[in-house]
Amino acid sequence: MSRRLLVALAALVVVFLAALAGVFAFAQQEYARDQQQLRWRLSMVADSRAQALEHWLDQQRAVLLGLVNNESLQVYLSVLRMQAEAPERHTDDGEELSFLRTLLEVTAQRGGFVSRVEGGPVRANVKRLGLAGLALLAPDGGVLVTSSGMPPISAELAAFIAETPLTEPGFLDLRRDAQGQLALGWLLPVLSEQVRGQGTTVVARLLALRPADTALFATLKQPGQTSATAETYLIRQNGNTLEFLSPLANGTSALSHRLAVGDEGSVETAALRKPGAFHSGLDYSATPVFAVSRQIPGTPWVLVHQVDQEEALAQSNRRLITLISVMLALLIGFVAIILFAWRYGSSARIEQVARQYQASSQRFEALSRFLDAVSDTQPHAVFATDAQSRLTFANRRTSELTGIPRPELTGRSLIGVLGQERGRFYQALIQRTYEQQQELIVTRHFHSLPDQSLLGLFGFSPSTAQSQALDVADHPAPSFEDSEHVWRSNHYPLSRGTLHAAVVLTTIEDLTELTEERRRRERNTLQLIDTLVGLMDERDPNSANQSLFVALVAREIATELALSPMLIKTAEQAGRLLNIGKIRVPSDVLTKQGPLNEAERALVQDALDQGPSLLKHLEFEGPVIETLTQINEHWDGGGRPLGLVGESILPTAQIVAVANTFVALISARAFRVGQSFQQAESELLADAGRRFDRRVVLSLLNFLNNKGGRARWATMAQDEPWS
């Protein structure tokens with residue numbers, strides 16, 4: 001063997017070994033990067049769940065702070081305090097206790113501080129079995145008033161109250177009560193209004209207990225979680241015991257699993273000692289996991305988010321094996337090609353290989369032309385982007401509508417093609433789709449003027465916008481000034497197995513015309529309602545404003561109940577159309593001075609019952625017609641026409657029924673004067689639970705007494721009839 005051949009072979013071996021070392025060094029670097037990304041993903045989930053849990057706790061505290069800062073509550077407590085200090089001058093505290101009880105009931109219902117209690121309502125000073133509720137305590141610990149369902153002050157609660165300083169708030173940690181139910185609570189001081197600036201005198205303390213229901217533990221569930229072994233749970237240290245506060249993935253219920261603190265290999269022990277760090281070790285089931293922890297402020301709780309090490313590293317290991325295999329195969333193939341060419345480097349063989357490569361290239365080119373033809377027939381802009389939001393493919397429509405030649409689109413950034421506002425928005429969506437590997441569909445309203453390069457993105461390119469504007473007869477040009485554009489985009493992830501590199505395929509569709517048509521129909525519906533209500537008001541001037549007032553009251557009640565915007569609009573529209581059936585009543589009956597006789601009342605009642613049928617051909621966004629049909633249904637099932645009971649009645653129907661009754665009670669008529677707000681409230685409370693849903697009545701009373709409803713609706717209660 002010649003010296004030159006030996007030198008060439010030695011050089012080839014050195015190059016091969018150097019390349020092999022480079023392959024393994026690159027693989028090691030990729031593995032370290034995957035580890036860092038794993039820590040980042042775990043930290044993101046842990047921060048998200050910790051924020052959700054803190055937000056839930058802040059919501060509970062906000063409800064209680066709103067109650068203790070209520071000026072009416074402070075005034076009534078001050079009155080009770082003066083009565084206690086001078087009982088000979090004050091003999092009746094029933095009105096103050098009644099107001100405080102109602103306020104506690106409303107706040108408990110809205111804030112979730114409630115529990116199911118057997119039997120009807122009882123007096124506040126009677127102990128009853130329950131899990132949650134609100135209670136106002138005297139500074140010495142005595143109970144002033146409670147909401148329904150509030151449990152009696154047990155020895156544990158009494159110790160918690162006694163240990164908490166009088167002027168400081170207290171947090172009652174998660175526990176199991178006598179019935180074995182999970183609960184937690186808060187204790188807040190109520191400062192006297194006269195010395196509020198000093199902050200030293202406490203007239204009462206608010207004790208709040210609520211069940212640790214699914215709403216608390218639901219904050220630990222990460223939306224869109226794709227990992228099969230990922231788990232988030234709460235722990236705390238109690239002496240030398242580590243307690244698990246939330247349900248576990250193995251089926252163990254909350255506060256049912258405990259471990260001894262001190263195991264150096266336990267991620268839970270590490271989380272208690274150093275919350276906020278990254279941990280690697282064994283979890284409660286002796287499974288090797290990676291975990292991160294977060295301390296929950298204001299509580300002894302530590303949040304732990306973990307994932308099985310085998311699952312967490314599976315994708316990384318597969319990628320490394322694939323990467324090493326491919327690079328080794330390429331390296332070996334490269335060496336083999338060199339040896340093959342050196343050994344069998346005849347021109348005939350090279351020509352044969354060239355012909356095979358040409359045939360493959362032609363097949364690939366034909367397939368590429370076919371895919372281009374399919375994408376070019378699409379009416380919408382279609383393009384693909386890589387992980388850095390650079391275009392890797394764009395169909396002909398995208399090229400035509402942006403005014404950028406198709407070859408120049410490849411490699412450009414989204415901002416360079418779509419402009420700053422839209423480019424940054426879609427760049428974030430595409431990055432999210434790329435990371436989560438899940439299809440994403442988003443509808444976006446743009447109010448700003450489109451970039452000049454986008455005037456034709458949906459039919460008006462810069463080169464043709466002016467000529468199309470001149471041809472008004474065939475293609476009227478749109479006005480972009482102060483206009484709103486609605487775009488719906490679909491982002492679909494294409495994995496590395498689909499193309500040579502992982503990309504996101506995006507299509508964008510213009511929904512501006514469809515959105516405007518829907519709004520036009522809504523405007524027409526509102527105009528039709530106003531026309532019908534105006535016609536009714538002309539025929540029945542004695543109750544011209546009744547439907548307007550009912551709509552206003554119904555809207556406020558629906559808002560108090562935190563219904564969806566669609567149901568709030570439904571309640572308001574139904575209130576406006578409440579008396580649509582009066583169109584069929586003769587004018588002499590509607591304008592009659594004095595009470596109606598039995599036949600006239602039957603005529604009016606039948607017309608009102610048939611009113612919804614007049615609207616059956618109209619399209620409403622919500623269940624307006626169904627609401628009008630059910631307004632005479634009673635909560636206890638004694639109503640008409642179907643005899644519906646309880647929750648089977650639409651909430652909007654109960655809202656409109658309460659609003660109509662309230663307006664009717666306080667409104668003057670030709671043959672009577674209107675009742676006072678207090679009288680109307682008493683009658684509504686008397687019918688609560690029988691004719692009306694108690695929650696609806698309490699929401700109305702809360703708005704009247706605590707949110708300025710009496711002042712706002714004072715014009716409804718007039719001594720003279722409506723004109």
Side-chain angles (χ1 to χ4, degrees), residues 35-36 38-58 60-61 156 159-160 163-164 168-176 182-186 212 215-222 225 227 229-313:
Q35 287 274 17
Q36 184 62 33
L38 172 63
R39 294 189 179 192
W40 178 79
R41 289 196 300 270
L42 291 177
S43 296
M44 288 288 289
V45 174
D47 290 337
S48 172
R49 295 306 88 212
Q51 290 177 4
L53 182 57
E54 292 175 29
H55 178 67
W56 185 89
L57 292 171
D58 289 340
Q60 313 311 309
R61 286 191 286 264
E156 182 182 2
F160 163 66
E163 292 170 359
T164 303
E168 298 292 332
F171 175 70
L172 183 60
D173 201 358
L174 194 67
R175 64 190 179 87
R176 290 192 180 275
L182 292 173
L184 67 163
W186 292 263
L216 169 61
F217 299 130
T219 60
L220 304 179
K221 302 296 182 181
Q222 176 67 19
Q225 180 64 259
S227 174
T229 61
E231 182 181 6
T232 306
Y233 50 87
L234 293 174
I235 60 174
R236 73 181 176 200
Q237 184 172 354
N238 187 1
N240 293 325
T241 302
L242 188 151
E243 298 180 333
F244 291 78
L245 306 181
S246 58
L248 301 177
N250 61 7
T252 304
S253 60
L255 267 180
S256 298
H257 190 63
R258 292 173 174 81
L259 295 175
V261 177
D263 188 353
E264 295 300 329
S266 169
V267 294
E268 288 86 5
T269 299
L272 288 176
R273 293 176 178 176
K274 194 175 181 180
F278 178 83
H279 316 290
S280 176
L282 301 179
D283 69 350
Y284 61 88
S285 60
T287 301
V289 297
F290 295 119
V292 292
S293 58
R294 296 291 184 270
Q295 179 72 50
I296 305 302
T299 71
W301 303 345
V302 175
L303 180 142
V304 179
H305 177 69
Q306 68 170 36
V307 65
D308 193 309
Q309 291 187 9
E310 182 177 354
E311 181 187 18
L313 298 177

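Of the possible donor and acceptor atoms, one in the side chain of Gln237 sits under 3.5 Å from a partner among the backbone N and O of Gly239. The closest donor-acceptor contact from the side chain of Ser48 to the backbone of Ala46 lies at 3.5 Å or more, if one exists at all. Without hydrogens or angle criteria, Arg294 side chain to Pro275 main chain gives no donor-acceptor distance under 3.5 Å. Without hydrogens or angle criteria, Arg175 side chain to Ala183 main chain gives no donor-acceptor distance under 3.5 Å. Between the side chain of Gln225 and the main chain of Ser227, a donor-acceptor pair closer than 3.5 Å is present.
Residue Met44 holds its CE atom at 11.0 Å from CZ of Arg49, rounded to the nearest 0.5 Å. The distance from atom CZ of Arg61 to atom CH2 of Trp56, rounded to the nearest 0.5 Å, is 10.0 Å. The line from OG of Ser293 to CG of Leu234 is 12.0 Å long, rounded to the nearest 0.5 Å. The structure places CG of Leu172 at 6.5 Å from CD of Glu156, a figure rounded to the nearest 0.5 Å. Note that CD of Glu54 and CG of Asp58 are 7.0 Å apart. Values are rounded to the nearest 0.5 Å. Between atom OG1 of residue Thr269 and atom CG of residue Leu242 there is a gap of 6.0 Å, rounded to the nearest 0.5 Å.
In plain terms, the two heavy atoms of Ala291 and Val267 that are nearest each other are CB-CB, 4.4 Å. Annotation for Ala312 and Phe290: closest pair CB-CD1, 4.0 Å, computed over non-hydrogen atoms. Closest approach of His305 to Leu42, counting heavy atoms only: CD2-CD2, 3.5 Å. The minimum heavy-atom distance linking Asp308 with Pro288 is given by the pair OD1-O, 3.7 Å. In this structure, His257 and Thr252 approach most closely via the heavy-atom pair CB-CG2, 3.8 Å. Scanning all heavy atoms of the two residues, the minimum distance from Ala254 to Leu182 falls at CB-CD1, 3.4 Å.
Within the 4.5 Å cutoff, the side chain of Tyr284 has no heavy atoms near those of the Ile235 side chain. Taking the side chain as every heavy atom from C-beta outward, Val289 and Val307 never approach each other to under 4.5 Å. No side-chain heavy atom of Phe244 sits less than 4.5 Å from a side-chain heavy atom of Val304. Using a 4.5 Å cut-off on side-chain heavy atoms (C-beta onward), Val292 and Arg39 make no contact. The shortest side-chain heavy-atom distance between Leu174 and Arg236 falls under the 4.5 Å cut-off.
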Practice item. Carefully, step by step, assess Ile296 and Leu303 under the rule side-chain contact (heavy atoms from CB on, under 4.5 Å). Key: CA-CA 7 Å; Ile296 305 302; Leu303 180 142; 4.1 Å; yes
Exercise for review: In sequence, state the C-alpha distance, the side-chain angles, and the governing distance for Leu255 and Leu245, and then conclude on side-chain contact (heavy atoms from CB on, under 4.5 Å).
Suggested key: CA-CA 5 Å; Leu255 267 180; Leu245 306 181; 3.8 Å; yes
Review point. Please walk me through it: do Leu313 and Gln35 pass side-chain contact (heavy atoms from CB on, under 4.5 Å)?
Key: CA-CA 8 Å; Leu313 298 177; Gln35 287 274 17; 3.9 Å; yes
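Between Glu268 and Tyr233, the side chains place a donor N or O and an acceptor N or O closer than 3.5 Å (distance only, hydrogens not considered).
Dense packing is recorded around CD of Glu311, with more than 12 heavy atoms of other residues, nucleotides or ligands lying under 6.0 Å away. Sparse packing is recorded around CG of Asn240, with 12 or fewer heavy atoms of other residues, nucleotides or ligands lying under 6.0 Å away.
Checking each of Thr229, Asp283, Thr232 against Gln306 for a side-chain hydrogen bond (donor to acceptor under 3.5 Å, both in side chains) leaves exactly one that passes, namely Asp283.
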